[in-house]
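As structure tokens, the structure follows; a few thoughts come after it.
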Amino acid sequence: MSRLKPIKQIYSNYTPEDFRVWEKLYVKQFSLIKGKVSAAFLNGLDLLDFTPLKIPNFIDINNKLKKLTSWQIKTVSNIAEPVYFFSCLANKQFTSTCWLRSMKEIDYIEEPDMFHDVFGHIPLLSNQIYSDFFQELGVLSNEFLDDDFKIKQLQRLYWFTIEFGLIKNQDTFDIYGAGIISSKMEIKNVYSEKSIKKPFNLSEILKQDVRIDKVQDIYFVIDSFDQLLDSLSEIRKLIEY
């Protein structure tokens, strides 16, 4: 199993430009998701004291998460490979970079920076039910580390829930997937008639191809985070088939 070299967030290394980038990204993205994102995400922002005026300090965030759900940010140098990533999830560790894009890259970067990792993912780790599903997904993945096909299936599940998932809100839906929350294009696309919104269906998700080179064609809508957690036994049966 490939392991990334562990690193630390050195908060004093952030420059004035870094703080301006964080503020600009935060203000812009929050304005786009306001009224469209799940209440659990907004609650997480409050619980973890996220603000556009301050880059999150991982030590502070970890102290708060420890009291809430026992999750921790594990700082890494770049994107974690699936096997290592899932292993960390099983131990309630979310791998995150600690670097920010430059102002010149404010609208697009090729690799996710900490704005995607931290703003997009971390607030919902304060939610017990969501974070329990997240951990159990990692635990399940650890059982199939030597089976590339099953790991790929679990990657698809992760993609269409954690990254690009929607949650029912009366007659419409809210966003909870980090890949949507941190992307202007995805937010616009998910509310477009061009994209397809389907009820959560494990059998279909495990067969659905993942596209990383464009906005999504299909999004899946869960009824609640309880539905995700309750689906774990069915997930096991389907990937073991």
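Since the structure is predicted, the reported quantities are computational estimates derived from the model, not experimental observations.
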- Note on the structure: Exactly one candidate in Y219, F41, F225 meets ring-ring contact (aromatic ring centres under 6.0 Å, His included) with Y176; the answer is F225

- Item | Chi angles and distances behind the side chain to side chain contact (heavy atoms under 4.5 Å, CB included) call for D49, K64 | CA-CA 9 Å; D49 297 322; K64 291 181 175 71; 2.9 Å; yes

- Kindly determine whether L140 and F86 satisfy side chain to side chain contact (heavy atoms under 4.5 Å, CB included), including the steps that lead there. CA-CA 9 Å; L140 185 59; F86 281 129; over 6 Å; no

- Message: Given 3.5 Å as the limit, does a donor-acceptor pair link the side chain of Q9 with the main chain of P56, or not?
- Response: yes

- Query: Can F134 and W71 be said to form a ring-ring contact (aromatic ring centres under 6.0 Å, His included), step by step?
  - Reply: CA-CA 10 Å; F134 213 170; W71 275 77; 5.3 Å; yes

- Taking every heavy atom of L124 against every heavy atom of Y130, the minimum-distance pair comes out as O-CD2, 3.2 Å

- Item | Salt-bridge contact R156-D209 (side-chain N to carboxylate O under 4.0 Å) | yes

- Task: Could you tell me whether a side-chain N or O of S195 sits under 3.5 Å from a main-chain N or O of N189, the two making a donor and an acceptor?
- Result: yes

- Any side-chain heavy-atom pair from T69 and N127 closer than 4.5 angstrom? no

- Query: Less than 4.5 Å apart, any side-chain heavy atom of K92 and any of L125?
  - Reply: no

- Minimal heavy-atom distance between S96 and V118, with the atoms involved, is OG-CG2, 3.6 Å

- Going hydrophobic residue to hydrophobic residue with side-chain gaps under 4.5 angstrom, can you get from M103 over to I55? yes

- Query: Do F200 and T161 come close enough that some side-chain heavy atom pair is under 4.5 Å?
  - Reply: yes

- Task: Using modelled atom types only, decide if a donor and an acceptor are shared between the side chain of W22 and the backbone of K54 within a distance under 3.5 Å.
- Result: yes

- Message: Is any side-chain heavy atom of D18 closer than 4.5 Å to one of N13?
- Response: no

- Task: Using the side chain to side chain contact (heavy atoms under 4.5 Å, CB included) rule, take H121 and I162 through it: C-alpha gap first, then chi angles, then the decisive distance, then the call.
- Result: CA-CA 8 Å; H121 283 283; I162 302 299; 3.6 Å; yes

- Query: Quick one: does Q227's side chain have a donor or acceptor within less than 3.5 Å of a partner on D223's backbone?
  - Reply: yes

- Do you know which two heavy atoms are closest between I167 and S38, and how far apart they sit? CG2-CB, 4.0 Å

- Query: Is it true that a side-chain atom of N62 and a backbone atom of I73 form a donor plus acceptor pair closer than 3.5 Å?
  - Reply: yes

- Query: Do you know the tightest heavy-atom contact between I129 and L229?
  - Reply: CG2-CD2, 4.1 Å

- Query: Nearest heavy-atom pair of I7 and C98: which atoms, and what distance?
  - Reply: CD1-SG, 4.0 Å

- Item | Distance in Å, D117 CG paired with T95 OG1, rounded so as to fall on 0.5 Å steps | 7.0 Å

- Greater than 12 external heavy atoms within 6.0 Å of I212's CD1: no

- How long is the gap from CG on L25 to CG on D113, to the nearest 0.5 Å? 7.0 Å

- Using the ring of F173 (Phe, Tyr or Trp, six-membered ring only), decide whether K197 places NZ or CZ under 6.0 Å from its centre and within 45 degrees of its axis. no

- Item | The single option from L154, N201, I239 passing side chain to side chain contact (heavy atoms under 4.5 Å, CB included) against L206 | I239

- Message: Donor-acceptor pair, distance only, cut-off 3.5 Å: does the side chain of Q29 make one with the backbone of I181?
- Response: yes

- Task: Give a yes or no on whether the backbone of Q128 and the side-chain of S131 come within a donor-acceptor separation of less than 3.5 Å.
- Result: yes

- Query: Is it the case that one hydrophobic cluster holds both Y191 and F220, taking links as side-chain heavy atoms less than 4.5 Å apart, direct or via other members?
  - Reply: yes

- Neighbour count above 12 (heavy atom, 6.0 Å) for K207 NZ: no

- Task: Start with the C-alpha distance between Y26 and F119, add both sets of side-chain angles, then the distance that settles ring-ring contact (aromatic ring centres under 6.0 Å, His included), and finish with yes or no.
- Result: CA-CA 8 Å; Y26 191 111; F119 181 81; 5.1 Å; yes

- Between W159 and Q208, does any side-chain donor sit less than 3.5 Å from a side-chain acceptor? no

- Note on the structure: Scanning both residues in full, the closest heavy-atom pair of A90 with G138 reads CB-C, 3.7 Å

- Query: When hydrophobic residues are tied together by side-chain contacts of less than 4.5 Å, even through go-betweens, does L53 share a cluster with M114?
  - Reply: no

- Message: Quick check on ring-ring contact (aromatic ring centres under 6.0 Å, His included): which of F164, F85, F133 does Y158 satisfy it with?
- Response: F85

- Message: Under a 3.5 Å threshold, yes or no: a donor from one side chain and an acceptor from the other, between T172 and N169?
- Response: no

- Message: I'd like to know if the side chain of E234 and the backbone of S231 have a donor-acceptor N/O pair within less than 3.5 Å.
- Response: no

- Query: NZ of K24 to CZ of R20: how many Å apart, nearest 0.5 Å?
  - Reply: 10.5 Å

- Task: State the CG-NZ distance between D217 and K194, to the nearest 0.5 angstrom.
- Result: 11.5 Å

- Query: How far does NZ of K188 sit from CG of L32, to the nearest 0.5 angstrom?
  - Reply: 11.0 Å

- Heavy-atom check, side chain of S141 versus side chain of I151, under 4.5 Å: yes

- Query: Do you reckon F149 sits in the same ILVMFWY cluster as L157, going by side-chain contacts under 4.5 Å, direct or chained?
  - Reply: no

- Query: Would you call L232 and I235 a side-chain contact if the rule is heavy atoms closer than 4.5 Å?
  - Reply: yes

- Message: I'd like to know whether CG of D146 has more than 12 heavy-atom contacts from other residues, nucleotides or ligands below 6.0 angstrom.
- Response: no

- Message: Measuring only between side-chain heavy atoms, which start at C-beta, is L166 closer than 4.5 Å to I175?
- Response: yes

- What's the spacing between S182 OG and K184 NZ if we round to 0.5 Å? 14.0 Å

- Message: Test your reading of the model: is there a side-chain donor-acceptor pair from N91 to the backbone of Q93, 3.5 Å cut-off?
- Response: no

- Taking a hydrophobic cluster as the set of Ile, Leu, Val, Met, Phe, Trp and Tyr residues connected by side-chain heavy atoms closer than 4.5 Å, whether directly or through intermediates, do I187 and V215 fall within one such cluster? no

- Item | Side-chain touch F30/P52, heavy atoms, less than 4.5 angstrom | no

- Query: Would you say the side-chain atoms of E163 pair up with the backbone N or O of A178, donor to acceptor, closer than 3.5 Å?
  - Reply: no

- Is the number of heavy atoms from other residues, nucleotides or ligands within 6.0 Å of NZ (K168) greater than 12? no

